[in-house]
Amino acid sequence: MTLFGAAHEMVTNKVVDEFTPAPFESQQIEGLLAERMRVNLEGRLLHVNEQAILAGFKHRPGEQEWIGEHAGKFLDAAANTWMSTHDARLKTLMDRVAHSLIAAQLPDGYLGTYTDDQRWTNWDVWVHKYDLIGLLSYYRVTGDPAALGTAKKIGDLLVRTFGNGEGQRDIIRSGTHVGMAATSVLEPMVSLYRYTGERAYLDFCFYLVGAWEQANGPHIISSLMTNGSVFRTANAKAYEMLSNLVGLLELYRVTGEVRYFTPVLIAWSDIVDHRLYISGTASSSEHFRDNDVLPAEEKDNVGEGCVTVTWMQLNLELLRLTGDAKFGDQLERTVFNQLLAAQNPHNGDICYFTPLDGKKQPGPGISCCVSSEPRGISLIPETVWGQRAGGIAVVQYAPGRLDSPPARIESATDFPLTGHVVLTVHPLVKGAFPIYLRVPDWTKSYVATVDGTKFEGHPGEFLTLERVWKGNDRIEIQMDMTVELISGGLSYPHSVAIRRGPQVLALESSLNRTAEPASLEKEPAVTPVDSIPVTWLGHQAYKVEAKSGPPLVMVPFADSQDARVWLNAR
């Protein structure tokens, strides 16, 4: 097992993050989230079809035009997971995939899956995007100079090939979805600049953003600034647009140019206000839809997994840049619902689409979403806790331990089953420092108690507790796991959904006499089921009283298999 030392960034960001996620290796997560991360490792990552994800590079052309994306996505998920687990099996596999990919690069830097006569058509730049993401993630955790060298050759090739100079190609014409697929290489090109300090890579990023505003471009910035709608921007393709917005935030971070930040906030607000499913995803048939049109059946191809993960990435970037609790609220909503709902909790199989009403269809094969979702699951540790304004911020509630200045914190909780959390603080520095507790936007009561003194939190904000902490100081948190009926809105005007705490509940067909229940009461009682059938895969189930007939048995949407979220309200 060869390690070359930590990778070093050569560029100092112009924008200092307000929240810094705790390093993967400095924390231990337990409970529900840990179990799903374990399944991601044991069921998916360790069993990835290594030959299939590399075949297109070894024997060009690949069998799919985008087949080359999967190796990079695997390396990205594997790098994060290895930093959390240091699993030797994963490290061996990750090394092998990385060095096979490196060996497939042609002398001029090309690392796609197309034949020479078909270069730079359709998904070729997109594949190089994921080459860069995977190789730079591998470099980040191993420091292997061969990975950085291969990434630089890709960057140099892109800089030579695309631009406004004589003989250069137009990148908008070299990718799909009004050029958004190709220009989403912005994100890893910023990372390449950050690791190398080479100005040519930053200049290429400026070229990409400028290309958006060409006559044939997607006009991402100008459209969002003018009409404020992702539905009315380019062709409304959700995955590719979100990928470009993530890259735009990275460009803002290294330049400090607010003009790159503002349109992302506009897009975020538009999605939250009009295009976000209650499960924390977006898109139907892979596109943003018109205002408040959120169909939820199997036929509607709900919540492409790639969109779910990229939405999660966007909120994580915004949380880092701003430290604002509202982005932590969105991360919680996505993780505890749509992200985990797309994963089979037994074997790690992944859904391409995940309907709110209907049967899930997870599979083990190779597709964009089956490769993307493990990346999202691997990012969970970055969403839990970290540093904020001289102290520690607790963003998600999970049992486990954090060991990172200024304190070691032990968390004991059965969240999301209950809202009781005990944090034991062991300071690693002298003097006072704050601990910030995210108060979820869904709770109607949040109280933290320290040494008998109670502090009330306000939903959607951080509660700040600052003092000189002593060893074994305890913060006891009690948050109400508020039950809320959510209107079905434009798509389901006569229906409601039930949310308990962060979790959307679903009527599971196998646990009920019928999937079409009698009408719900205005505010139904929701209580834990006394005993869950031993054949059921989850650990939570709730009895919900209807107006007539037997009580309904509902489970977290993340555990459901064949269920309905939208229920009759008449």
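Hydrogens, waters and symmetry mates are skipped; everything else that's a heavy atom, side chains included, is used.
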- Query: Would Asp441 and Lys326 satisfy side chain to side chain contact (heavy atoms under 4.5 Å, CB included), going step by step from the backbone distance to the final call?
  - Reply: CA-CA 8 Å; Asp441 60 358; Lys326 67 184 180 182; over 6 Å; no
[X] vs [Y] side-chain heavy atoms within contact, under 4.5 Å:
X      : Y      : value
Tyr352 : Glu286 : yes
Ile366 : Val370 : no
Gln561 : Glu508 : yes
Ile477 : Val422 : no

- Given ring pair (Phe, Tyr, Trp, His ring centres under 6.0 Å), test Tyr252 with Tyr260 step by step and report yes or no. CA-CA 5 Å; Tyr252 165 66; Tyr260 299 142; 8.1 Å; no
- Message: For His128 and Tyr110: C-alpha separation, side-chain torsions, deciding distance, then whether ring pair (Phe, Tyr, Trp, His ring centres under 6.0 Å) applies.
- Response: CA-CA 8 Å; His128 283 80; Tyr110 182 79; 5.0 Å; yes
Shortest non-hydrogen contact from [X] toward [Y]:
X      : Y      : value
Lys360 : Ala558 : NZ-O, 3.7 Å
Ala22  : Leu402 : CB-CD1, 3.5 Å
Ala151 : Leu135 : N-CD1, 4.3 Å
Ala34  : Ile29  : CB-O, 3.0 Å
Ile532 : Gly538 : CG2-O, 4.4 Å
Phe462 : Gly323 : CE1-O, 3.3 Å

May I ask you to check whether [X] and [Y] show a side-chain donor-acceptor distance below 3.5 Å?
X      : Y      : result
Ser378 : Asn40  : no
Gln338 : Thr281 : no
Asp329 : Trp442 : no
Asp76  : Tyr130 : no

- With Pro362, which of Asn347, Asn344, Ile350 fulfils side-chain contact (heavy atoms from CB on, under 4.5 Å)?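 It is Asn344, the one option of Asn347, Asn344, Ile350 that forms the side-chain contact (heavy atoms from CB on, under 4.5 Å) with Pro362.
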- Task: Applying side chain to side chain contact (heavy atoms under 4.5 Å, CB included), run through Trp385 and Ser411 and close with a yes or a no.
- Result: CA-CA 11 Å; Trp385 33 33; Ser411 174; 4.1 Å; yes
Straight-line distance of [X] [atom1] to [Y] [atom2], nearest 0.5 Å:
X      : Y      : atom1 : atom2 : value
Ile377 : Arg375 : CD1   : CZ    : 12.5 Å
Glu187 : Leu192 : CD    : CG    : 12.5 Å
Leu157 : Gln105 : CG    : CD    : 8.5 Å
Leu45  : Thr85  : CG    : OG1   : 9.0 Å
Leu276 : Thr334 : CG    : OG1   : 6.5 Å
His70  : Ser371 : NE2   : OG    : 5.0 Å

- Query: Quick one: is the NZ or CZ of Arg388 closer than 6.0 Å to the six-membered ring centre of Phe19, and within 45° of its axis?
  - Reply: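 No; the conditions do not both hold, so Arg388 does not lie above the ring face of Phe19.
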- Cation over ring face, Lys14 and Phe261, 6.0 Å, 45°: no
- Message: Apply side-chain hydrogen bond (donor to acceptor under 3.5 Å, both in side chains) to residues Tyr436 and Glu466 and explain how you reach the verdict.
- Response: CA-CA 8 Å; Tyr436 305 95; Glu466 185 164 6; 5.9 Å; no
- Of Gln28, Glu30, Gln27, which is the lone residue that meets side chain to side chain donor-acceptor pair (under 3.5 Å) with Arg401?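 The option that passes is Gln28.
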- Message: Parallel, tilted or perpendicular, judged at 30° and 60°: which one describes the rings of Tyr239 and Trp126?
- Response: perpendicular
- Specify whether Trp123 and Trp66 have parallel, tilted or perpendicular ring planes, treating 30° as the upper limit for parallel and 60° as the lower limit for perpendicular. perpendicular
- Worked verdict on Tyr193 versus Met10 for side chain to side chain contact (heavy atoms under 4.5 Å, CB included): CA-CA 8 Å; Tyr193 166 65; Met10 305 300 291; over 6 Å; no
- Start with the C-alpha gap between Asp473 and Lys470, add the side-chain angles, then the distance that decides, and say whether salt bridge (Lys or Arg N to Asp or Glu O under 4.0 Å) holds. CA-CA 6 Å; Asp473 269 350; Lys470 304 183 297 293; 3.6 Å; yes
- Going through the distances and angles, do Arg194 and Asn13 end up as a side-chain hydrogen bond (donor to acceptor under 3.5 Å, both in side chains)? CA-CA 8 Å; Arg194 190 181 283 118; Asn13 292 325; 3.1 Å; yes
- Query: Given the rule in the side-chain hydrogen bond (donor to acceptor under 3.5 Å, both in side chains) test, do Lys73 and Ser372 qualify, once you have shown the distances and angles that lead to the verdict?
  - Reply: CA-CA 6 Å; Lys73 287 183 174 181; Ser372 285; 2.8 Å; yes
Surrounding [atom1] of [X] (heavy atoms of other residues, nucleotides or ligands, distance under 6.0 Å), is the total greater than 12?
X      : atom1 : result
Gln361 : CD    : no
His539 : NE2   : no
Arg474 : CZ    : no

- Please step through ring pair (Phe, Tyr, Trp, His ring centres under 6.0 Å) for the pair Phe336 and Phe415, ending with a clear verdict. CA-CA 11 Å; Phe336 279 96; Phe415 184 91; 5.8 Å; yes
- Item | Derivation and outcome, side-chain hydrogen bond (donor to acceptor under 3.5 Å, both in side chains), residues Asp144 and His99 | CA-CA 10 Å; Asp144 188 339; His99 288 108; 2.8 Å; yes
- Task: Dump the intermediate steps for salt bridge (Lys or Arg N to Asp or Glu O under 4.0 Å) on Glu373 and Arg44, then the final yes or no.
- Result: CA-CA 10 Å; Glu373 284 275 351; Arg44 174 62 190 174; over 6 Å; no
- Audit row: Glu50, Arg96, salt bridge (Lys or Arg N to Asp or Glu O under 4.0 Å) steps and yes/no: CA-CA 9 Å; Glu50 180 182 353; Arg96 196 163 59 236; 2.8 Å; yes
- Query: Taking only residues two or more places apart in sequence or in another chain, which ones pass salt bridge (Lys or Arg N to Asp or Glu O under 4.0 Å) with Arg89?
  - Reply: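 Glu42, Asp87.
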- So, are Arg253 and Glu317 salt-bridged, with charged N and O less than 4.0 Å apart?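 Yes.
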- Query: Could you go step by step and tell me if Val384 and Val395 meet the side chain to side chain contact (heavy atoms under 4.5 Å, CB included) rule?
  - Reply: CA-CA 5 Å; Val384 177; Val395 181; over 6 Å; no
- Note on the structure: Which of Tyr201, Tyr138, Tyr139 passes ring-ring contact (aromatic ring centres under 6.0 Å, His included) with Tyr195? It is Tyr139
